[in-house]
Engineer: 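To start, I am sharing the structure in question, which I have written as structure tokens.
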Amino acid sequence: MYPTHDPSPGPSTEAPGRPSSGRPGGLSGDHRAARPAVLVVGASSGIGLATARRLSARGARLVLAARDPAALDRTAAACRDAGAAATLVVPTDLTDPAQVEACVRAAVAAYGRLDAVVTTAQGMAYGTVEQVPREVFEHVVETAVHGTAHLVRATLPVFRAQGAGTLVVVSSLLAEVAVPSMSTYVTAKWGQLGLVRSLQLELRDEPGLHVCLVSPGAIDTPIYDEAATYAGSRGSAPPPVVGPDRVARAVERCLDHPRRRHVEVGPANLATILGFRLAPFVYDRVVGPAVRAVVLRGPAVGPDGGNVLEAAPGGHTERGVWTLLGRRRTREGSGARWRR
């Protein structure tokens, strides 16, 4: 991830599209730059926000990208408070290749280089293939597959020109198993997994370029409340649920040790994958009832597009409302599980 020299800081004028100076930062270790330049896509909430904050504590110079400019401004302020050397806010829709290219150009123009890129951007929709509207289904898939490809095409020439660079794609456990009534998200993540694994093979002969994959299970982020639903109910986080900082730590480890090409995050990941692969007759029998009882246990609602097609106001927080056991937190503490 990190160059061997101390790159010069970018300008300090605070404005959208320009970097703003934070507290002086520094990273220990001979193999690290004092202030690496890192682009975080999906930085407005959840895992992306947690990752940006974690890198801020190491004095990184950050480029923060997502669709909502106001949410990005709040992220930038939080990152500066956490120790980021500089922040650059670039509102970007990952499905628009021109915006992605402009974002990468802005990063290089501001900081002189781009040491790493982390993408966590993803929408989600509940419902069967028939229930989810075509435009919602296609946008979820486009974000994961075409959006990641847009980012690769914009980023790799920069990495090659530098002789080094690391891309970390935050995917999902659902890139490795199938789940009913989440077919939109599963399709998106299986496609993204195929793209990333192919890219890793294509770059095997370029030792300075690294591509890592992080696959979280259920994470306590706002995605469940912000997801589109056409299944007749709100979605819920299936237990066990872990915090977004645990994924951010995995991302950080990939940046420090990019030869770790695939990292699973979640206590149930391995067992779920083994059940899907080694005992499909059992998995197929239990997964449907499990989804109805655990994933789609929220209150009954009509069709809701959530934040898939456009950024929704509010909800741009690092954590959601879920405990380890999949219960919704209340103001008094942990509450009961949703029941339909």
Side-chain angles (χ1 to χ4, degrees), residues 1 7 9-22 35-49 51-53 55-56 60-80 84-123 139 142-162 164-170 192 195-196 199 209 211-212 251 255 307 309-311 316:
M1 164 185 177
S12 60
T13 304
E14 179 173 318
R18 295 183 180 180
S20 57
S21 297
R35 290 175 291 184
V38 184
L39 166 60
V40 181
V41 183
S44 60
S45 67
I47 296 169
L49 175 54
T51 299
R53 283 176 167 166
L55 295 177
S56 296
R61 296 176 298 162
L62 298 176
V63 184
L64 306 170
R67 294 179 296 179
D68 189 329
L72 285 176
D73 286 339
R74 291 192 293 271
T75 298
C79 288
R80 291 192 295 273
T87 58
L88 173 66
V89 168
V90 187
T92 305
D93 186 337
L94 194 58
T95 65
D96 185 332
Q99 290 188 31
V100 174
E101 291 174 3
C103 179
V104 172
R105 287 198 302 270
V108 176
Y111 299 143
R113 62 181 297 119
L114 185 59
D115 299 299
V117 176
V118 179
T119 178
T120 69
Q122 185 62 62
H139 196 85
E142 185 174 12
T143 300
V145 181
H146 293 288
T148 303
H150 298 331
L151 196 57
V152 168
R153 296 188 190 102
T155 300
L156 284 187
V158 176
F159 287 173
R160 285 198 179 97
Q162 299 170 168
T166 300
L167 169 66
V168 179
V169 177
V170 177
Q192 186 182 57
L195 186 155
V196 172
L199 182 63
L209 277 58
V211 179
C212 304
V251 171
L255 295 174
N307 70 347
L309 298 180
E310 59 184 22
H316 295 289

Engineer: Working to the nearest 0.5 angstrom, can you tell me the gap between D68 CG and R74 CZ?
Structural biologist: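 It is 6.5 Å, given to the nearest 0.5 Å.
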
Engineer: Between NE2 of H146 and CZ of R153, what distance do you get to the nearest 0.5 Å?
Structural biologist: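 Answer for the NE2-CZ pair, H146 versus R153, is 8.5 Å.
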
Engineer: Would you give the length of the straight line joining atom CG of L167 to atom CG of L209, rounded to the nearest 0.5 angstrom?
Structural biologist: 9.5 Å

Engineer: For a 4.5 angstrom cut-off between non-hydrogen side-chain atoms, does L39 reach L151?
Structural biologist: yes

Engineer: Roughly how far, to the nearest 0.5 Å, is the CZ atom of R53 from the CG atom of L62?
Structural biologist: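 Reported to 0.5 Å precision, the distance equals 12.0 Å.
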
Engineer: Counting only N and O atoms by type, is there a donor-acceptor contact under 3.5 Å from the side chain of S44 to the main-chain atoms of A66?
Structural biologist: no

Engineer: For the CG atom of L88 and the CG atom of L64, what is their distance to the nearest 0.5 Å?
Structural biologist: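 Result: 7.5 Å between the selected atoms.
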
Engineer: Between the main-chain N or O of V38 and the side-chain N or O of D115, is there a donor-acceptor pair closer than 3.5 Å?
Structural biologist: no

Engineer: Quick one: does any side-chain atom of T95 pair with a main-chain N or O of D93 as donor and acceptor, under 3.5 Å?
Structural biologist: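 No; zero donor-acceptor contacts below 3.5 Å.
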
Engineer: Shortest non-hydrogen contact from A65 to L72?
Structural biologist: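 Between these two residues, the closest heavy atoms are C-CD2, 3.8 Å.
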
Engineer: Say you draw a straight line from SG of C103 to CG of L94; how long is it, rounded to the nearest 0.5 Å?
Structural biologist: 9.5 Å

Engineer: Would you confirm whether T120, through its side chain, and V41, through its main-chain N or O, come within 3.5 Å as a donor-acceptor pair?
Structural biologist: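 Between the backbone of V41 and the side chain of T120 there is a qualifying donor-acceptor contact (under 3.5 Å).
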
Engineer: Which residue in the set V63, T155, T92, V90 passes side-chain contact (heavy atoms from CB on, under 4.5 Å) when paired with V104?
Structural biologist: T155

Engineer: Just by distance, do the side chain of R35 and the backbone of R61 share a donor-acceptor pair under 3.5 Å?
Structural biologist: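 Not a single qualifying donor-acceptor pair exists.
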
Engineer: Please determine whether side chain to side chain contact (heavy atoms under 4.5 Å, CB included) holds for the pair L255 and L55, giving the CA-CA distance in whole Å, both sets of side-chain angles, and the decisive distance to 0.1 Å.
Structural biologist: CA-CA 10 Å; L255 295 174; L55 295 177; 4.0 Å; yes

Engineer: Looking at every non-hydrogen atom in both residues, tell me the closest pair between Q122 and A144 and how far apart they are.
Structural biologist: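 The answer is OE1-CB, 3.0 Å.
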
Engineer: For the pair L156 and L199, evaluate side chain to side chain contact (heavy atoms under 4.5 Å, CB included) and give the outcome as yes or no after the intermediate values.
Structural biologist: CA-CA 11 Å; L156 284 187; L199 182 63; 4.0 Å; yes

